[in-house]
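Some notes on the structure that comes next.
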Amino acid sequence: MFGELLDRAHAAGAVDPAVSREDMVPLMCGVMFAASVHPGDRAANARRYLTVLLNGIAERDEG
């Protein structure tokens with residue numbers, strides 16, 4: 001299911017084509033780990049780190 005979502009994001013030009021399905025599991029695990037080890041609201045931390053991740057994998061127009 002997640003792979004299909006990533007495929008659609010690639011097709012729409014929303015995600016850098018260099019980002020693979022295999023990349024996403026460790027990246028998502030990293031978000032959850034970071035959210036769990038830092039003090040404060042775990043859900044807020046997860047949203048913040050997920051936002052950073054998603055902004056980082058977004059395809060950018062270099063032109």
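Values in this document were obtained by computation on a predicted structure and should not be read as measured data.
- Val52 and Leu54 are members of different hydrophobic clusters when ILVMFWY side chains are connected at heavy-atom separations under 4.5 Å.
- Side chains of Asp16 and His10 form no contact here, defined as non-hydrogen atoms less than 4.5 Å apart.
- Here CG of Leu27 is found 5.0 Å from CG of Leu53. Values are rounded to the nearest 0.5 Å.
- Checked by atom type and distance alone, the side chain of His38 never pairs as donor or acceptor with a backbone atom of Asn45 at under 3.5 Å.
- Remark: Arg21 pairs with Asp7 by the salt bridge (Lys or Arg N to Asp or Glu O under 4.0 Å) rule, at least two apart or across chains.
- Contacts of Ala44 classified as side-chain contact (heavy atoms from CB on, under 4.5 Å), with partners at least two apart in sequence or in another chain: Asp41, Arg47.
- Taking both residues in full, the closest heavy atoms of Val19 and Leu6 are given as O-CD2, 4.2 Å, listed atom of the first, atom of the second, then distance.
- The list of side-chain hydrogen bond (donor to acceptor under 3.5 Å, both in side chains) pairs with a residue in residues 23-32, not counting sequence neighbours, reads Ser20-Asp23.
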